[in-house]
Amino acid sequence: MKRYIILSIVFLTASLICHAQELPNNSTPIPAEKPVENEDKKPQQPVAETIEIDLDTLQLNKPKDSTKRKPILEHKLISSATDYKEIDRINNTITLYNEAKIIYGDITLEAGKIIMNMNTGDIFAYGVIDTAGVYVQKPIFTQGQNVVKPDSIIFNKDTRKALTYNSITAQGEFNVKAEVTKRVNDSVYYMKRAIFTTSKDPNNPDYYFLARKIKFVPGEKIVTGLVNMYIADVPTPIGLPFAYFPMTTDRKSGVIIPSFGNNNNQGYFLQNGGYYFAINDYVDLTVLGDYFTNGSWGSRIESSYRKRYAFNGSFRFLYENQIQSERGFSDFQQTNRYNINWQHSQDAKSNPNSRFSASVNLGSSQFFRQSFNQVNQSATLVNNLSSSISYSKTFPGEPQVNVTTTVSHNQNTNTDVVNLTLPTLQASVSRVFPFAPKEGAKKGLIHNINLQYNLRGENRIATTDDDFLTSKMFDGAISGLRHTIPISTNFKIANYFSVGLNASYDESWVFETYRQFLEDNGSGGFNTVRDTVSGFDAYRTYNYGASIGTTVYGNWKSTDKESKIQAIRHVMRPSVTYSANPSFEQYYDRLLDEQGLDVSEEERFYSRFEGTLYNAPGRVYSSSLGIGLQNTLEAKVRDRDSTKTELKKISLIKSFNVNTSYNLAGDSLNWSPLQLRGVIPIYKNIDLNLDANLDPYALDNTNQRIDRFNINNGGSLFRLTRAGARFNFRLSNTDFEKQTDKKDDKPDDPLQNRNLQNGGREDDLFGASIDYADGTTYDQREPEKENVDIDKTRYRFKIPWNLNFAYTMTYNNAQRQNEINNQSLMVSGDIELSPRWSVGGNTGYDFANKGVSFTTLRFNRDLESWRLSFNWTPIGPQNSWFFFIGIKSGALSDIKWDQRKQPDPQF
């Protein structure tokens, strides 16, 4: 008995010491002033409501070190509760009740009730039932930046295993919700009756996949048993006996599921199926293919690359073998088409003195109009494809030297004419002032004398679409170099007139010239024969000129302080220029026969440099005097807001320019037509551009200009030979709101060049670019998490909209045509009927040809986790439509359905 009493005292002392280490000094139980209902009940069973949990945060202790004994507690444990803290020394447990809180290192656990079993290491956290019968004070587990909110937690701090109920975890684009989750270790979780979805609200998802059993490896994968898809809680026949979903946020190589469909021209098809290669962190590769049952096929290779602070770009190659009709029929056609697109840009800070850039868009002229994989209808209106690859190098110093080499390409898709420069070399030495003072400003004629040196070399190739990339395209290649040394100076006269003098020396080098001679055609006449002479040759030219100008200000101020217009200022800048180009007859020869005999009665001359890169120098001396006048008209007006005392500056006429010239060396028709150009602001950012040509000379009976002024021929002072008007403007709902309420209704698009890459227009007047794979103009940017109340107010009273207008008109009367040969109006716009409904379209009317121009209609619906779009071109040769619905998430982008009617091919 005595031994038993001694052992009991020792055990009790050890227990008190143990609890003294685990609890703070105020560890005496605190009785509750008024216990909450259900105080003495057992921990409640999990309720039906769902909670959010991040399973990766359930790590209370680090792995044990078997070589070193750890203390009972690694950190100081701080606990608190509103009602009471109870220590059960018999069961060795601690109970915290009502707003219970434990702080242990970087871990904070809050709940209605927390029970810690010091014997087993288990920690139980529950909510409590309030007087209204509502389950409140659910556990909140915080470790570092991670916050977990489960219904209840059972966690063992020694084994680090856990059991949670109604938990939700976010992994990449997925939200995974499970009724019961068992945490085995840091890497493996087992779930019962779990759903996973990309919906932002996992408690009320618009769709989800239900799996009865799941093995979940965070950040890596989800492996399920029987799984099927639910839409709006309605089961669908889409199901699998098992499934595997990769969960990694890193790029992974994998198969791209093709789209299935059919059209009237090629039959049934599989499109945009292939494989994605995640090569490394800097570059990827996508290989896609199309196949049609009539034998047509296509392939596409795409790659994007980026190196931070250095460069980034993308490359795409498309090839299509199109078959029309069936072999053996008269209308059978087989056509091969391709397109190459490469975009490369360099970070300006990576190498300030060296820069490489590329913008390539070349291929078959009819590719964007006839491609069976092209749903960007605006691309069918583009008449020109252009490319440029350039490298520039700057050599700092005084003077500075710049060298640029460029390979360029220009292709007219209507005429199939292709022009190339392979390559263009440009070099220049910065401007030098040889007589400028070493200190102080440059003044006067001598100090401002400056010169520089420019070099330009080209190799031009003109070919056709059929001969492009074949040996035939080099048949008409021409090359050459030109050296230019411009010299100029400027000074003032009487402090009001600015005078400029300029001259330029040019030397052109060519490597082929052309000899011409006359050959008897056997019919009493002669034909001109041209032979190519290989070898270096050069010619030298020069020109000179001068200019004088000044600025005249006209001001008017109102004497009435209450007047709307308080002041007007008219600024005029008259100028007179002179230019002269001497005659270079030394580079011309008489046109004779092959033996050098003069066989033609008419004296004819030719230059061996005709048809070379820079053509022949001028044989006729020219000297002309140019007269110009620039005008601007501005006003200061009182603001409509009477509280503002400062006057508002507005522009009445942004510019009105008048130009003409007189040929001092000519014998007749010396005056050139008077050219008028004006820009008049209409409303805010809307400008009306006007131009007109006025000819002082009359026409004869054959409508040819004659050397007689029109006023002396019974007409007016001038004849209107040409006129034009143009305006482009954009209107939106924000233009009619107060300045403080205005917001950008269209944020900057990080893919702003996507329209150009797909062959469209930069201003997307004819509709935004449509991606090849999903065929939708849906904006990939996720909307900001705006409060729904603000959105409701916004869309109830202020429906966002925008309109784009483009008008152009050209009048021609050079030979008494008196006709408007071009007049059209294009309109495009979008309206957001609701936060997730967008309707848009574009159309126009050609007044000259009396017909409706290119017209499309666009319907987009954001279905939260899904997107829906319908694009329709109802009229014209590009009559087509495209319907698409699919999941927005990239992880499930293969779950989609699309249907299309392609435009009828025009071979």
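The basis for the numbers below is simple: all heavy atoms, side chains too, and nothing from hydrogens, waters or symmetry mates. Residue numbers run from 1 in the order of the sequence given. These figures come from a predicted structure and were not determined experimentally.
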Quiz item: What are the two closest heavy atoms between M473 and I461, and how far apart are they?
Solution: O-CG2, 2.8 Å

Quiz prompt | K492 charged N/C atom sitting above F497 aromatic ring, 6.0 Å / 45° | solution = no

Exercise. Return yes if some donor-acceptor pair links the side-chain N/O of T394 with the main-chain N/O of P396 below 3.5 Å, else return no.
Key: no

Self-check item: Residues S390, S357; criterion side-chain hydrogen bond (donor to acceptor under 3.5 Å, both in side chains); working and verdict
Solution: CA-CA 6 Å; S390 65; S357 64; 3.1 Å; yes

Quiz item: Any side-chain heavy atom of L720 within less than 4.5 Å of one from Y811?
Solution: yes

Quiz item: Are Q452 and P486 side-chain neighbours, meaning at least one heavy-atom pair lies under 4.5 Å?
Solution: yes

Quiz item: Are F311 and F356 side-chain neighbours, meaning at least one heavy-atom pair lies under 4.5 Å?
Solution: no

Quiz item: How far apart are the C-alpha atoms of F609 and Y539, what are their side-chain angles, what is the distance that settles it, and do they pass the ring-ring contact (aromatic ring centres under 6.0 Å, His included) test?
Solution: CA-CA 9 Å; F609 298 104; Y539 62 90; 4.7 Å; yes

Practice problem: Tell me, yes or no, whether the heavy-atom count around F474 atom CZ, taken from other residues, nucleotides or ligands under 6.0 Å, exceeds 12. | Solution: no

Quiz item: Above 12 or not: heavy atoms from other molecules or residues under 6.0 Å from OH of Y542?
Solution: no

Exercise. Could you walk me through whether R456 and E458 pass side-chain contact (heavy atoms from CB on, under 4.5 Å), step by step?
Key: CA-CA 7 Å; R456 181 180 180 89; E458 294 182 59; 2.7 Å; yes

Self-check item: Heavy-atom side-chain contact between N410 and S408 under 4.5 Å
Solution: no

Self-check item: Lys/Arg N to Asp/Glu carboxylate O, E320 vs R337, below 4.0 Å
Solution: no

Quiz item: Y514 ring centre to R608 NZ or CZ under 6.0 Å, with the angle to the axis within 45°?
Solution: no

Practice problem: Let me see the working for S824 and T808 under side-chain hydrogen bond (donor to acceptor under 3.5 Å, both in side chains), right down to the final yes or no. | Solution: CA-CA 6 Å; S824 63; T808 180; 5.7 Å; no

Self-check item: side-chain contact (heavy atoms from CB on, under 4.5 Å) between S350 and Y309, worked out
Solution: CA-CA 6 Å; S350 63; Y309 310 123; 5.9 Å; no

Quiz item: Given side chains that start at C-beta, do those of N336 and Q322 come closer than 4.5 Å, heavy atoms only?
Solution: no

Quiz item: Got a salt bridge between D700 and R708, using NZ or NE/NH1/NH2 to carboxylate O under 4.0 Å?
Solution: no

Quiz item: Relative to the ring of Y697, is the ring of F709 parallel (under 30°), tilted (30 to 60°) or perpendicular (over 60°)?
Solution: parallel

Quiz item: Mind checking whether Y544 and Y578 have parallel, tilted or perpendicular rings, split at 30° and 60°?
Solution: tilted

Quiz prompt | F536 atom CZ: more than 12 heavy-atom contacts under 6.0 Å | solution = yes

Quiz item: Any salt bridge between E603 and R590, counting N to O under 4.0 Å?
Solution: yes

Practice problem: May I ask you to decide if N361's main-chain N or O and S387's side chain share a donor-acceptor pair within less than 3.5 Å? | Solution: yes

Self-check item: Chi angles and distances behind the salt bridge (Lys or Arg N to Asp or Glu O under 4.0 Å) call for D691, R722
Solution: CA-CA 8 Å; D691 64 88; R722 184 191 178 279; 2.2 Å; yes

Quiz item: With a cut-off of 6.0 Å (strictly less than), are more than 12 heavy atoms of other residues, nucleotides or ligands near CG of N712?
Solution: yes

Quiz item: Is there a side-chain contact between N402 and Q426, using heavy atoms and a 4.5 Å cut-off?
Solution: no

Quiz prompt | F468 and L362, any side-chain heavy atoms less than 4.5 Å apart | solution = yes

Quiz item: Are any of the side-chain heavy atoms of H344 and I389 separated by less than 4.5 Å?
Solution: no

Exercise. For the pair F584 and Y587, name the ring-plane relationship: parallel under 30°, tilted 30 to 60°, perpendicular over 60°.
Key: tilted

